[in-house]
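Comments concern the structure below.
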Amino acid sequence: MLGFDSKRTLVKGQFAREIRARIRRIQSKQLNDADRREIQSHRQYSNGMSIEWQ
């Protein structure tokens with residue numbers, strides 16, 4: 001945004017490597033068991049919710 005200056009802390013180390021690896025697996029559709037379990041749990045949580053924009 002114009003006129004908005006903020007300093008952001010970079011994500012690095014093991015956490016950043018895990019995120020990049022997960023993104024690669026998602027994009028290539030080669031999910032591992034942990035990814036599938038996490039997706040399933042998020043679907044269970046989001047089934048009971050709805051979002052309404054006003």
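FYI, the numbering just counts along the sequence from 1.
- The 12-atom threshold is not exceeded at CD of Gln30, counting heavy atoms of other residues, nucleotides or ligands nearer than 6.0 Å.
- In this structure, the side-chain contact (heavy atoms from CB on, under 4.5 Å) partners of Arg25, at least two apart in sequence or on a different chain, are Ala21, Arg22, Asn32, Asp35.
- Side-chain atoms of Arg37 and Gln40 form no donor-acceptor pair, as typed in the model, at a separation below 3.5 Å.
- Atom CZ of Arg8 is separated from atom CG of Leu10 by 10.5 Å, given to the nearest 0.5 angstrom.
- Both Ile39 and Ile26 belong to a common hydrophobic cluster when Ile, Leu, Val, Met, Phe, Trp and Tyr are linked at side-chain heavy-atom distances under 4.5 angstrom.
- The number of heavy atoms from other shown groups lying within 6.0 Å of CZ (Arg36) is above 12.
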